[in-house]
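Notes follow once the structure below has been shown.
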Amino acid sequence: MIENILQKSATECVEALYGQHVAKQMIQIQKTRPEFEGDLTLVVFPLLRMSKKAPEATAQEMGEWMLANVEEIAGFNVIKGFLNFNISENYWLAFFSENKGKLGYGLKDTKDSQPIVVEYSSPNTNKPLHLGHIRNNLLGWSVAELLKANGKDVKKVNLVNDRGIHICKSMLAWQKWGEGINPASSGLKGDKLVGDYYVKFDKEYKAEIETLIEQGQDRKSAEQQAPLLQEAKTMLRKWEDGDAEVRKLWENMNQWVYDGFDVTYNRMGIDFDKIYHESETYLLGKSLVKEGLEKAVFFRKDDGSVWCDLSGDGLDEKILLRADGTSVYMTQDLGTAQLRYDDFKPSDLVYVVGNEQNYHFEVLELILTKLGKSWAENIHHLSYGMVELPHGKMKSREGTVVDADDLMDEMYQTAKKTTEALGKFDDFTDEESHQLYQMLSLGALKYFILKVDPKKNMTFNPQESIDFNGNTGPFIQYTHARIRSIIRKANEMGLTFSDSLTYPAKLEKKEKSLIKLLYDFPQIVDQAAEAYSPALIANFAFDLAKEYNQFYHEHIILKETNTASRDFRLGLSLFTANTIQSAMGILGIQVPERM
RNA sequence: GGACCCGUAGCAUAAUUGGAUAGUGCACCUGACUACGGAUCAGGAGGUUGCAGGUUCGAGUCCUGCCGGGUUCACCA
């Protein structure tokens with residue numbers, strides 16, 4: 001890599017000129033900003049201590065030495081403390097001819113190493129998926145692909161939260177008011193149906209509370225003692241005791257939800273290597289709690305509940321078992337973490353979970369450490385920001401929750417309308433059109449969400465998300481389709497450019513900047529994987545598409561009379577299209593041949 | 001109240017992790033197809049990076065204090 005070459009030779013240069021050894025961190029090589037001449041820049045400010053000269057003089061001296069001693073350097077200029085190098089065209093062309101034909105350019109092969117486990121999605125089986133889940137699913141899936149692209153062995157894992165008081169609530173409501181309704185009889189998607197009864201429970205529960213308050217109870221005890229909640233709690237205890245009737249109902253209703261989720265997952269293109277269910281793992285959590293009690297890491301209160309005292313770590317006490325002996329969220333998560341470690345012996349455990357659970361994961365790591373699990377330090381909470389709507393947060397009570405299925409439907413309709421309005425492909429069959437609309441609508445949605453830094457909260461503006469112009473998925477898909485169109489025409493003309501080894505005498509500006517962008521791709525993959533950030537890949541894909549479109553408008557390709565230039569540009573076009581395809585692939589976005 | 005996170009143009013977002021004159025898109029205005037796809041491209045306008053200090057050759061980025069917003073500290077998950 002040219003950056004390494006420059007860094008190494010800069011070190012040698014400092015030794016030769018100033019007789020001093022420099023630490024690697026002091027040699028800062030970065031891309032030259034476009035408004036200046038050059039390809040790469042050495043920042044000399046940190047080296048002034050050694051040269052004991054002014055910035056300009058130091059840069060000038062070093063530039064001369066490096067020009068004389070480094071073959072790849074074709075020239076340099078100095079602006080203040082910035083030493084800008086021109087890299088020889090031969091270097092860029094050598095890179096180009098070596099890599100243009102590689103189909104998986106920028107993607108590393110999987111090495112034999114410990115796997116990385118990525119947990120994401122992790123839905124509750126009491127309500128359908130919404131916009132927040134969409135960000136989680138897209139992010140988790142893409143991060144997993146990103147790590148794979150960076151040569152890691154990755155296991156995608158889903159932990160389905162299929163038991164607990166919240167599940168009992170929808171079960172209870174269905175039992176009371178459902179009158180035997182099911183997805184087949186109602187025509188409702190299973191997850192939607194169950195979600196409706198969860199809402200029903202909440203409504204009836206609230207009504208009970210109000211009644212109790214009118215009868216003179218205070219709010220807090222009313223909330224505790226409302227008969228519906230008591231019934232739900234009873235049901236949860238029965239469930240934990242293995243009551244046959246409750247279990248049967250539970251299995252049925254969960255199956256409805258799974259069938260519904262599968263439809264949504266399939267459409268989104270989301271998949272998993274392994275699915276855990278908390279109903280199968282929560283007991284392991286309980287045994288860990290027992291272990292912690294024996295080790296005196298935890299303690300029991302008079303009412304029988306079990307706690308971990310974290311006040312020594314600046315946190316509060318954390319409950320691990322309720323007084324009635326049932327487990328809580330943390331109990332289960334301790335168990336599933338242990339199980340996952342035992343299953344895979346992973347080098348890293350990545351949890352894709354929203355930032356409202358930062359505290360939870362801090363506590364989880366801490367408790368596991370206290371239990372003597374040294375692998376707890378390999379837990380990474382990929383804490384992503386919330387998705388907000390232009391008017392504020394999503395609130396189910398106010399009906400502002402954006403349903404995942406509905407959103408995809410809307411995007412699909414927009415893709416259809418937009419394509420039909422342009423009227424380009426009346427020759428497509430219905431199936432081809434459907435495929436295209438699906439590709440474009442999902443491309444728009446995925447790109448819109450993934451282009452934002454995962455850590456940051458984002459605003460989801462339905463209007464903008466379905467826009468197909470500017471910094472959007474369809475813009476990049478369009479660029480890809482446009483290139484493929486050119487390649488098709490070249491093939492029809494019988495041009496055999498892909499083997500061509502002749503190059504134009506001098507690179508045009510846009511040709512060179514395209515090559516340099518392509519050159520960056522492997523490093524971007526590296527950085528993005530390091531940061532768990534598909535956003536960096538998305539930004540790269542956009543930059544590349546934009547750069548190509550500029551190149552395309554400035555230079556003719558197929559009708560170029562200089563055949564060396566023509567073939568070179570065709571090769572560059574194909575290389576670009578393949579790289580766009582790879583980058584978008586990491587985001588889970590397919591790119592069409594025509595659109 | 002304690003802990004943590006976030007404030008960049010009307011809106012949405014970048015910034016090579018401390019580097020040069022803070023980029024890009026949407027919206028707004030002006031232009032470009034009898035050359036390969038106009039879902040494109042070129043140009044214009046829009047900024048005291050919440051405020052005030054500090055650290056240094058250099059701060060959107062690090063430190064301190066304010067202002068504004070959010071999350072969390074549940075026998076919810």
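Order of the sequence lines sets the chain letters (A, B, ...), proteins ahead of strands, with each chain counted from 1. What's counted below: heavy atoms across the whole structure, side chains too, no hydrogens, waters or symmetry copies.
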Categorize [X] for me: base, sugar-phosphate, or nothing, with a 4.0 angstrom heavy-atom threshold over every strand shown.
{"X": "A/Ser485", "value": "base"}
{"X": "A/Gln523", "value": "nothing"}
{"X": "A/Glu356", "value": "sugar-phosphate"}
{"X": "A/Ala481", "value": "base"}
{"X": "A/Asn84", "value": "base"}
{"X": "A/Leu315", "value": "nothing"}
{"X": "A/Asp453", "value": "sugar-phosphate"}
{"X": "A/Lys546", "value": "sugar-phosphate"}
{"X": "A/Tyr359", "value": "sugar-phosphate"}
{"X": "A/Ile165", "value": "sugar-phosphate"}
{"X": "A/Asn461", "value": "nothing"}
{"X": "A/Phe542", "value": "sugar-phosphate"}
{"X": "A/Gln527", "value": "nothing"}
{"X": "A/His480", "value": "nothing"}

Using whole Å, what does the distance between atom [atom2] of nucleotide [N] and atom [atom1] of [X] come to?
{"X": "A/Lys24", "N": "B/U17", "atom1": "NZ", "atom2": "P", "value": "13 Å"}
{"X": "A/Leu422", "N": "B/G37", "atom1": "CG", "atom2": "P", "value": "15 Å"}
{"X": "A/Phe76", "N": "B/A20", "atom1": "CZ", "atom2": "C1'", "value": "18 Å"}
{"X": "A/Lys451", "N": "B/A15", "atom1": "NZ", "atom2": "P", "value": "13 Å"}
{"X": "A/Phe475", "N": "B/G37", "atom1": "CZ", "atom2": "C1'", "value": "13 Å"}
{"X": "A/His360", "N": "B/A74", "atom1": "NE2", "atom2": "P", "value": "14 Å"}
{"X": "A/Phe551", "N": "B/C36", "atom1": "CZ", "atom2": "C1'", "value": "11 Å"}
{"X": "A/Lys220", "N": "B/A74", "atom1": "NZ", "atom2": "P", "value": "11 Å"}

Can you tell which of [options] lies closest to the side chain of [X]?
{"X": "A/Arg322", "options": "B/A77, B/A20, B/G37", "result": "B/A77"}
{"X": "A/His553", "options": "B/A20, B/U40, B/A39", "result": "B/U40"}
{"X": "A/His166", "options": "B/A20, B/A77, B/C26", "result": "B/A77"}
{"X": "A/Lys456", "options": "B/C76, B/G7, B/U40", "result": "B/G7"}
{"X": "A/Met458", "options": "B/A77, B/U40, B/U13", "result": "B/U13"}
{"X": "A/Thr419", "options": "B/A39, B/G37, B/A77", "result": "B/A39"}
{"X": "A/Arg482", "options": "B/U40, B/A14, B/C36", "result": "B/U40"}
{"X": "A/Lys31", "options": "B/U16, B/G19, B/G25", "result": "B/U16"}

Test applied, ring-ring contact (aromatic ring centres under 6.0 Å, His included); reference residue, A/Phe475; option that passes from A/Phe448, A/Tyr548, A/Phe542: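 Running ring-ring contact (aromatic ring centres under 6.0 Å, His included) over A/Phe448, A/Tyr548, A/Phe542 with A/Phe475 returns exactly one hit, A/Phe542.
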Qualifying residue, where the test is ring-ring contact (aromatic ring centres under 6.0 Å, His included) with A/Tyr282 and the options are A/Tyr329, A/Tyr276, A/Trp239: A/Trp239
Using atom [atom1] of each nucleotide, how far apart are [N] and [M] to the nearest Å?
{"N": "B/U56", "M": "B/A9", "atom1": "C1'", "result": "30 Å"}
{"N": "B/C67", "M": "B/A74", "atom1": "C1'", "result": "31 Å"}
{"N": "B/U64", "M": "B/C41", "atom1": "C1'", "result": "49 Å"}
{"N": "B/A12", "M": "B/U16", "atom1": "C1'", "result": "23 Å"}
{"N": "B/U21", "M": "B/G31", "atom1": "P", "result": "35 Å"}
{"N": "B/G18", "M": "B/G60", "atom1": "C1'", "result": "11 Å"}
{"N": "B/G70", "M": "B/G54", "atom1": "C1'", "result": "28 Å"}
{"N": "B/C36", "M": "B/G23", "atom1": "C1'", "result": "31 Å"}

Complement of [N], any strand, by Watson-Crick or G-U distances under 3.5 angstrom:
{"N": "B/A22", "value": "none"}
{"N": "B/G46", "value": "none"}
{"N": "B/G7", "value": "B/C67"}
{"N": "B/U72", "value": "B/G2"}
{"N": "B/C41", "value": "B/G31"}
{"N": "B/G60", "value": "none"}

N/O (side chain, A/Tyr552) to phosphate O (OP1/OP2, B/G38) under 4.0 Å: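 Yes, because at least one side-chain N or O of A/Tyr552 sits under 4.0 Å from OP1 or OP2 of B/G38.
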Side-chain donor-acceptor pair present, A/Asn254, A/His277, cut-off under 3.5 Å: no
Polar contact flag, side-chain donor to acceptor under 3.5 angstrom, A/Ser170-A/Asn126: no
Does this structure show an ion pair linking [X] with [Y], if we count only N-O contacts that are shorter than 4.0 Å?
{"X": "A/Lys31", "Y": "A/Asp520", "value": "yes"}
{"X": "A/Arg33", "Y": "A/Glu35", "value": "yes"}
{"X": "A/Glu432", "Y": "A/Arg594", "value": "no"}

Anti/syn call for B/U17, syn if |chi| within 90°: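 Syn.
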RNA chain B: 5'-proximal contact among A/Asn549 and A/Trp307 (nearest heavy atom): A/Asn549
A/Gln357 vs A/Val452, nearer the 5' end of RNA chain B by closest nucleotide: A/Val452
Any N/O donor-acceptor pair, A/Asp467 side-chain to B/A39 base, under 3.5 Å: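 Not at all, since no donor on one side and acceptor on the other fall under 3.5 Å apart.
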Side chain A/Thr472 and base B/A39 donor-acceptor under 3.5 Å: no
Aromatic ring pairing A/His380/A/Tyr532, orientation class (parallel under 30°, perpendicular over 60°, tilted between): tilted
Given A/Lys416, A/Gln413, A/Met411, the one that forms side chain to side chain contact (heavy atoms under 4.5 Å, CB included) with A/Ser441: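 Running side chain to side chain contact (heavy atoms under 4.5 Å, CB included) over A/Lys416, A/Gln413, A/Met411 with A/Ser441 returns exactly one hit, A/Met411.
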Ring centroids of A/Phe36 and B/A20 base under 5.5 Å with planes under 30°: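 Answer is yes, a stack.
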Side chains of A/Leu131 and A/Ile449 in contact at under 4.5 Å (non-hydrogen atoms): yes
